[in-house]
Amino acid sequence: MWNGAIFALQFLTVLPIRKEIAWNAETARWAVRSFPLVGALFGGLLVCQYTLFSEWVSPLFLSFWLLFFSVFFAGGLHADGWMDCSDAYFSYRDIARRQEIMSDSRVGAFAVLSLFFLFGFRLVFMYETLPTLSWQELFFIPFLSRAFMALLLLSTPLAKQTGMAAAFRAHVKKSERWGIGLFLALAFISFFSLCLLLAMIVFFFAARSFIVKQFGGVTGDALGAFVEGSETYLWFIMWLLHLFVMG
């Protein structure tokens, strides 16, 4: 269990944990189970920074800082997945060719454009929402995105039998979904977190269908793109809630 949690931290964050972890079935299973915990750590760090800086800096700077931290703490891993999937999708080729494009390390124009608009919209939603934000909302965005990333890995067909997603799936079973689902019960602590959970369920099924249709199944890049897309989507949901419910 401990090795799986450490591996999840090494894989999903830039924390300087220098420990050799043997890759085996138990490590893989506990790593996937730890994905929501990494999201919880991420959310806790965002809440701490928001609490410390909100009285000292402008909402615009704080929005940009939290966005920067979101990318930096993950080491750009999920942003890279978004860019690779964008290049593949906007190529308008068949699935086999899209999978080849996702494996290409080169960055295309569509990757840059899509990432610019993704982060641009997220920055706007954050800036509009932060003045009336509650800690539950800020905490649950990274938590839900990574918990549902684990569910996506466990419940979606593989696009190929190689790569990061396949390495995890070789050792984990679909029954692990129930353990991940237990973490989601945390979202019942407030009205806003429950709304985010319900919105995330809708996004999950839509994204799962899209990934299977456009890429033939889940890959490591698709998982990263899912995290980035879901976080921007959840900030959009929060913006709507604050605009029409709290406004």
Side-chain angles (χ1 to χ4, degrees), residues 8-9 12-15 34-79 82 115 118-152 180-204 207 223-247:
L9 287 170
L12 295 178
T13 75
V14 293
L15 293 177
S34 300
F35 286 175
L37 296 179
V38 175
L41 172 63
F42 203 145
L45 291 174
L46 291 179
V47 171
C48 290
Q49 292 175 82
Y50 174 77
T51 303
L52 288 173
F53 300 145
S54 58
E55 298 295 327
W56 301 96
V57 299
S58 68
L60 179 59
F61 179 84
L62 183 58
S63 300
F64 183 81
W65 170 258
L66 293 179
L67 175 60
F68 163 77
F69 181 80
S70 297
V71 179
F72 170 78
F73 188 70
L77 178 68
H78 308 311
W82 176 272
L115 190 68
L118 179 80
F119 286 164
F121 276 111
R122 191 188 304 178
L123 180 64
V124 170
F125 298 143
M126 294 172 73
Y127 174 73
E128 293 284 337
T129 308
L130 280 179
T132 55
L133 192 70
S134 68
W135 72 265
Q136 294 99 331
E137 298 164 88
L138 190 56
F139 172 84
F140 275 98
I141 286 180
F143 170 74
L144 289 174
S145 65
R146 284 153 183 82
F148 275 91
M149 177 186 70
L151 291 177
L152 185 69
I180 301 297
L182 291 176
F183 284 105
L184 301 180
L186 292 173
F188 286 84
I189 67 173
S190 73
F191 168 76
F192 278 106
S193 59
L194 181 58
C195 288
L196 291 177
L197 173 61
L198 296 175
M200 192 65 206
I201 292 173
V202 175
F203 182 84
F204 171 80
L223 293 173
F226 176 85
V227 171
E228 292 294 357
S230 62
E231 290 200 359
T232 298
Y233 167 77
L234 290 177
W235 277 106
F236 169 66
I237 294 298
M238 279 206 309
W239 176 70
L240 291 178
L241 287 172
H242 283 260
L243 185 65
F244 295 107
V245 178
M246 298 297 290

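Only heavy atoms go into these numbers, but all of them, side chains included; no hydrogens, no water, no symmetry mates.
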query: Is there a donor-acceptor pair closer than 3.5 Å between any side-chain N or O of E231 and the backbone N or O of E228?
result: no

query: If you measure only the distance, is there a donor-acceptor pair under 3.5 Å linking the side chains of T132 and H242?
result: yes

With Y127 via side-chain contact (heavy atoms from CB on, under 4.5 Å) - residues at least two apart: P59, L60, S63

task: Determine the minimum heavy-atom distance between A8 and S34, stating which atoms define it.
output: CB-CB, 3.8 Å

- prompt: What is the distance from atom CG of L46 to atom CZ of F139, rounded to the nearest 0.5 Å?
  reply: 10.0 Å

field: Under 3.5 Å donor-acceptor, S230 side chain and V227 backbone
entry: yes

message: Counting C-beta onward and ignoring hydrogens, is there a side-chain heavy-atom pair between L133 and M238 closer than 4.5 Å?
response: yes

- prompt: Between atom OG of S54 and atom CG of L62, what is the distance when rounded to the nearest 0.5 Å?
  reply: 6.5 Å

- request: Mind checking the CH2-CZ spacing from W239 to F125? Nearest 0.5 Å is all I need.
  value: 6.0 Å

- prompt: What distance separates F42 CZ from R146 CZ, expressed to the nearest 0.5 Å?
  reply: 5.0 Å

message: Does any part of the side chain of F148, heavy atoms only, come nearer than 4.5 Å to the side chain of L184, both counted from C-beta?
response: yes

- request: For the pair C195 and L241, evaluate side chain to side chain contact (heavy atoms under 4.5 Å, CB included) and give the outcome as yes or no after the intermediate values.
  value: CA-CA 9 Å; C195 288; L241 287 172; 3.8 Å; yes

field: Y50: partners by ring pair (Phe, Tyr, Trp, His ring centres under 6.0 Å), with sequence neighbours left out
entry: none

field: Closest non-hydrogen atom pair between L144 and L197, with its separation
entry: CD1-N, 3.9 Å

- prompt: Using 30° and 60° as the class limits, which term best fits the ring planes of F226 and F203: parallel, tilted or perpendicular?
  reply: tilted

- request: Give the minimum heavy-atom separation between L115 and A79, together with the two atoms involved.
  value: CD1-CB, 4.2 Å

field: Donor-acceptor under 3.5 Å (Q136 side chain, S193 main chain)
entry: no

query: Backbone N or O of F61 within a donor-acceptor pair of the S58 side chain at under 3.5 Å?
result: yes

statement: Separation between CG (L151) and CZ (F35), nearest 0.5 Å, reads 11.5 Å

Less than 3.5 Å apart, which donor and acceptor atoms pair up between the side chains of residues 64-78 and the rest of the protein, not counting sequence neighbours?
unit_1: W65; atom_1: NE1; unit_2: Q49; atom_2: OE1; d: 2.5
unit_1: S70; atom_1: OG; unit_2: L66; atom_2: O; d: 2.8

query: So, S145 side chain and P142 main chain: donor-acceptor pair closer than 3.5 Å or not?
result: yes

message: Rounded to the nearest 0.5 Å, what separates atom CG in L12 from atom CG in L41?
response: 10.5 Å

query: Stepwise, does the side chain to side chain contact (heavy atoms under 4.5 Å, CB included) test hold for T51 with W135?
result: CA-CA 9 Å; T51 303; W135 72 265; over 6 Å; no

